[in-house]
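The structure that follows is given in the form of structure tokens.
Numbers here simply count residues along the sequence, with the first being 1. Order of appearance sets the numbers: ligands from 1, and atoms from 1 within every ligand. Only a predicted model underlies this, so the values are computations on that prediction, with no experimental measurement involved.
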Amino acid sequence: MVSVTEIVPPLVEALSGRRPSLLPVWFMRQAGRSLPEYRTTRAGVGMLESCLNPELAAEITLQPVRRHQVDAAIFFSDIMVPLRLAGVGVDIAPGVGPVLDDPVKSPADVRDLVAHDLGDTSMIRDAIRLITAELASTPSGDASWTPVIGFAGAPFTLAAYLVEGRPSRDHLAARALMHSHPTSWDALMSWCARISGQFLAAQVDAGVSAVQLFDSWAGSLREDDYVAHVAPYSRAVLDAVPGVPKIHFGTGTGHLLPAMRDAGADVVGVDYRTPLDEANTILGGRTPLQGNIDPAMLAAGWKPLTRHARDVVQRGYAAPGHVVNLGHGVPPTTDPDVLTRLVEFVHGLPATA
Ligand code: CP3
């Protein structure tokens, strides 16, 4: 007898460079403030606290799957969760983002930081198990189950927060440190790679079907800096998770796509600035792509949105596999019904040219 888990869902097919009969679609930040049920579940609970509560994290992860019939769940967590688990003073300030109690300013601060270990990840594993149990009976396409995607922050994006102490535009302090104190930079990036790698490995161990590494701020880097001072550490994270497809995503990274693939990714996530046919050419036509509907189009009206989504899908036909997604996260102001209709629309488009 074929067990249900042997039937490969469309998401995993596409991530493996094949063309399933259904175009798989999910949205970065599909769980979050755009959903009224999320706002209700989160009421009075801090962001990181909700990530560390397995029942809450599982419930929030499942909300967009139930509502939109997307082809994947993305684990509700945050790239800052491993820092909190490691005992680093970090919080997520509403409307601001991650804020560090004590930003890393000196080589001595780096030495203090890297003495921290990841610690207990049981709540992460418990949450994933609750999620996969429910998704085992939630169909996607022909498959009788929907996969869950795990994720972590890439070392550079984590280091940028650790050094800057809060969201910044150009990540100047982080980019200066890599050249002013190369030994400290190596220690800091190696530590970020270790805890992100362990955070991802815990998710894979508990049953996620794919992972995504978010290097949201890599776009601020020149290619030579990325290749020499960042990519080796991202590779260490990706190498720590064998056995599942790996997606590598950043914003403003049109100039870094081959380097991000060559860091050990199976699939490249493309932000909304680079058309997918161009991305495919840059990558030599051999890498499955994820993306890249412009999040701004979600609020542009149905006609312009569907014209744009159709164009994204058509450009994506050039690639060996395509997972439809946004070019960055769902804006909190998005009308959730637009997302539900967009999933239906994408599912109605031909899966191949
Ligand atoms: O649905 C999903 O995509 C899964 C959950 C997810 C969250 N954060 C939940 C979240 C994922 C994949 C992330 C990744 C993340 N976190 C990244 C990389 C992706 C990206 O957006 O570039 C980054 C840079 C962070 C750090 C972070 N956490 C930021 C910048 C913010 C936004 C601050 C704000 O209020 O706008 C957060 C908070 C956060 N993470 C929210 C969610 C749903 C909003 C929390 C809330 O409800 O107020």
Notebook entry, point to check: Apart from V99 itself, which Ile, Leu, Val, Met, Phe, Trp or Tyr residues share its cluster (side-chain heavy atoms under 4.5 Å, direct or through members)?
Noted result: V96

Checklist line | Ring centroid separation F156 to Y233 under 6.0 Å | finding: no

Note to self: Using side-chain hydrogen bond (donor to acceptor under 3.5 Å, both in side chains), reason through T157 and D215 one step at a time and then give a plain yes or no.
What the structure shows: CA-CA 5 Å; T157 293; D215 210 348; 2.6 Å; yes

Item checked: Fellow cluster residues of L130, listed by chain then number, with links counted only when side-chain atoms sit under 4.5 Å apart ->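 Grouped by the 4.5 Å side-chain rule, L130 forms a cluster of one, so the answer is none.
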
Using a 3.5 Å cut-off on N/O to N/O, what pairs does ligand 1 make with the protein? A line per pair would be great.
| from | atom 1 | to | atom 2 | distance (Å) |
| --- | --- | --- | --- | --- |
| ligand 1 | 1 (O) | R29 | N | 3.4 |
| ligand 1 | 1 (O) | Q30 | N | 3.2 |
| ligand 1 | 1 (O) | A31 | N | 3.1 |
| ligand 1 | 1 (O) | A31 | O | 3.4 |
| ligand 1 | 3 (O) | R29 | N | 2.5 |
| ligand 1 | 8 (N) | R29 | NE | 3.4 |
| ligand 1 | 8 (N) | R29 | NH2 | 3.4 |
| ligand 1 | 8 (N) | D78 | OD1 | 3.1 |
| ligand 1 | 16 (N) | R29 | NH2 | 3.4 |
| ligand 1 | 16 (N) | D78 | OD1 | 3.0 |
| ligand 1 | 21 (O) | H328 | NE2 | 3.2 |
| ligand 1 | 22 (O) | S216 | OG | 2.4 |
| ligand 1 | 22 (O) | H328 | NE2 | 2.8 |
| ligand 1 | 28 (N) | D78 | OD1 | 2.8 |
| ligand 1 | 35 (O) | R33 | NH1 | 3.4 |
| ligand 1 | 35 (O) | R33 | NH2 | 3.2 |
| ligand 1 | 35 (O) | G95 | N | 3.0 |
| ligand 1 | 36 (O) | R33 | NH2 | 2.9 |
| ligand 1 | 40 (N) | D78 | OD1 | 2.8 |
| ligand 1 | 47 (O) | Y38 | OH | 2.6 |
| ligand 1 | 47 (O) | R42 | NH1 | 3.1 |

Notebook entry, point to check: Just wondering, more than 12 heavy atoms not from D311 lying within 6.0 Å of its CG?
Noted result: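 It does: D311 CG has more than 12 such atoms within range.
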
Notebook entry, point to check: Does any pair with a residue in residues 196-205 pass salt bridge (Lys or Arg N to Asp or Glu O under 4.0 Å), and if so which ones, sequence neighbours excluded?
Noted result: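 Every pair satisfying salt bridge (Lys or Arg N to Asp or Glu O under 4.0 Å) with a residue in residues 196-205: R125-D205.
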
